[in-house]
K.L.:
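Next up is a structure, given as structure tokens.
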Amino acid sequence: MKLPHVLAWELTRACNLNCVHCRASATNSPAEDELTTKEGMTLLDDLARGGTRLVILSGGEALVRPDVFELAARGTSLGLRMTLATNGSPVTESVARNLLDAGIARVSVSLDGVTAGVHDAFRGLGGAFAMAMRGIEILLAHGIPVQVNTTVAAANIHEMGLFPEFLEHIGVMAWHVFFLVPTGRGHDVEPAKVAQYRRMLEDFHGASRSARIECKATCAPQYYRMFEEQGGSAPTKGCLAGTGFGFVSATGVVQPCGFLQIDCGSIRRTPLQEIWETSETLRALRDADRLLGKCGTCGFTAVCGGCRARAYEVRGDALQTDPICWYPPS
């Protein structure tokens with residue numbers, strides 16, 4: 001069995017911001033016993049050998065890790081498509097040049113509002129919006145493709161309709177919308193109502209068809225059911241946790257995804273390939289017949305699958321029904 005096509009590696013738990021919805025509950029200090037540079041190089045070797053094609057270097061804030069450019073360059077030399085996620089604030093001219101030299105193919109910058117008030121409130125720091133915008137400007141000036149990631153919750157859903165035109169104007173290439181999963185500090189953030197999510201996804205689907213940039217919904221697998229129902233063909237399955245997508249924490253713990261915080265094994269004790277093949281959690285997620293509730297009887301399981309992380313956090317079982325699903329049981 002090949003390793004996941006896409007793997008996110010949490011380089012560090014450290015971050016210079018204090019975001020209210022942070023999956024990692026990041027602080028300004030790294031977690032104890034984070035993977036060393038040598039262990040990181042070994043992980044990248046294993047990923048290249050196991051068939052992974054795309055690696056996302058994330059955090060915390062990936063750019064606060066001192067060896068980030070060295071690790072990125074190693075992945076690039078192995079033929080991996082290396083990308084990086086940042087809040088944008090640490091980006092300088094020097095950082096942009098180093099990212100280019102390391103072969104980073106795309107940088108995603110988190111932007112949770114088109115106004116400073118909304119974004120800064122999410123990020124826990126006044127001026128965060130200005131720093132993110134400056135980071136985007138620098139990256140684009142150096143020819144680095146930029147994707148904007150947005151987390152949707154009750155506090156910012158009213159600005160979602162403004163994003164497509166705003167992002168096209170500043171020149172980014174993609175907008176990826178993440179629907180809030182109550183993990184980490186996200187437990188304390190008010191989610192949007194299910195009806196709001198539905199309207200947002202319907203509007204997002206319409207915007208994606210007319211937008212001049214790539215638009216993708218994440219942690220909202222019902223979006224891909226919409227493609228099928230409206231006569232299209234879903235570009236991917238809605239939830240890829242444990243199948244086409246994997247996650248390695250800052251300390252080497254393997255998870256189905258960053259939001260589904262179930263320990264499937266440590267790469268310090270067990271080879272990644274073995275974990276990926278034998279973990280009972282991962283094997284269960286790959287078997288649609290084991291889904292419960294209305295997800296278990298749905299005719300769109302192969303396209304949607306429901307958000308397994310949201311089911312785990314809200315219902316206590318990763319195989320249960322995604323609680324934001326508004327569709328009636330099949």
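Heavy atoms only: backbone and side chains are in, while hydrogens, waters and symmetry mates are out.
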K.L.:
Quick one: ring-ring contact (aromatic ring centres under 6.0 Å, His included) pairs with a partner in residues 265-303, sequence neighbours left out?
P.N.:
none
K.L.:
State which residues pass ring pair (Phe, Tyr, Trp, His ring centres under 6.0 Å) with F163; sequence neighbours excluded, sorted by chain then number.
P.N.:
W175
K.L.:
State the NE2-CD distance between H142 and E93, to the nearest 0.5 angstrom.
P.N.:
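Atom-to-atom, H142:NE2 and E93:CD are 4.5 Å apart.
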K.L.:
Check whether any side-chain N or O of S208 sits under 3.5 Å from a backbone N or O of H205 as a donor-acceptor pair, and report yes or no.
P.N.:
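Yes, S208 side chain to H205 backbone: donor-acceptor pair under 3.5 Å.
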K.L.:
Among residues two or more places apart or on two chains, list those pairs meeting side-chain hydrogen bond (donor to acceptor under 3.5 Å, both in side chains) that have a residue in residues 113-122.
P.N.:
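Qualifying pairs, neighbours excluded: T115-E159.
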K.L.:
If you link I, L, V, M, F, W and Y whenever their side-chain heavy atoms are under 4.5 Å apart, who else ends up in the same group as F259?
P.N.:
F178, V181
K.L.:
More than 12 non-hydrogen atoms from neighbouring residues, nucleotides or ligands closer than 6.0 Å to CZ on R268, yes or no?
P.N.:
yes
K.L.:
Check which hydrophobic residues are tied to L17 through side-chain heavy-atom contacts below 4.5 Å, counting indirect links as well, and list them.
P.N.:
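Reading the cluster by chain and number, L17 sits alongside L125, M131.
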K.L.:
Please list all pairs meeting ring-ring contact (aromatic ring centres under 6.0 Å, His included) that have one or both residues in residues 17-75, counting only residues at least two apart or in different chains.
P.N.:
H21-F122
K.L.:
Using distance only, find each side-chain donor-acceptor pair of residues 193-203 under 3.5 Å and give its atom names and separation, not counting sequence neighbours.
P.N.:
unit_1	atom_1	unit_2	atom_2	d
Q196	OE1	K193	N	2.8
R198	NE	E202	OE2	3.3

K.L.:
Identify, with sequence neighbours excluded, every residue that meets side-chain hydrogen bond (donor to acceptor under 3.5 Å, both in side chains) alongside Q320.
P.N.:
none
K.L.:
When you look at R13 and E32, which way does the salt bridge (charged side-chain N to carboxylate O under 4.0 Å, His left out) test go after all the steps?
P.N.:
CA-CA 9 Å; R13 289 280 176 87; E32 291 185 12; over 6 Å; no
K.L.:
Which salt bridge (charged side-chain N to carboxylate O under 4.0 Å, His left out) pairs, counting each pair once, include a residue from residues 289-303, with sequence neighbours left out?
P.N.:
E280-R290
K.L.:
With distance as the sole criterion, is a donor-acceptor pair present between the side chains of T251 and S249 under 3.5 Å?
P.N.:
yes
K.L.:
If we ignore hydrogens and angles and just use 3.5 Å, is the side chain of T301 paired with the main-chain N or O of T297 as donor and acceptor?
P.N.:
no
K.L.:
Side-chain heavy atoms under 4.5 Å apart, restricted to Ile/Leu/Val/Met/Phe/Trp/Tyr: what other residues fall into the cluster of Y312, or is it alone?
P.N.:
L260, I262, L285, L291, L292, L319
K.L.:
Could you note down all residue pairs passing salt bridge (charged side-chain N to carboxylate O under 4.0 Å, His left out) where residues 313-329 supplies at least one of them, sequence neighbours left out?
P.N.:
R310-D322
K.L.:
Which atom pairs, donor and acceptor, lie under 3.5 Å between side-chain atoms of residues 52-68 and protein residues at least two apart or in another chain?
P.N.:
unit_1	atom_1	unit_2	atom_2	d
T52	OG1	P4	O	2.7
R53	NH2	G79	O	3.1
S58	OG	W9	O	3.4
E61	OE1	T86	OG1	3.1
E61	OE1	N87	N	2.8
E61	OE1	N87	ND2	3.1
E61	OE2	L63	N	3.0
E61	OE2	T86	OG1	2.9
R65	NE	D67	OD1	2.5
R65	NE	D67	OD2	3.3
R65	NH1	L11	O	3.0
R65	NH1	L35	O	3.0
R65	NH2	L35	O	2.8
R65	NH2	D67	OD2	3.0
D67	OD2	T37	OG1	2.4

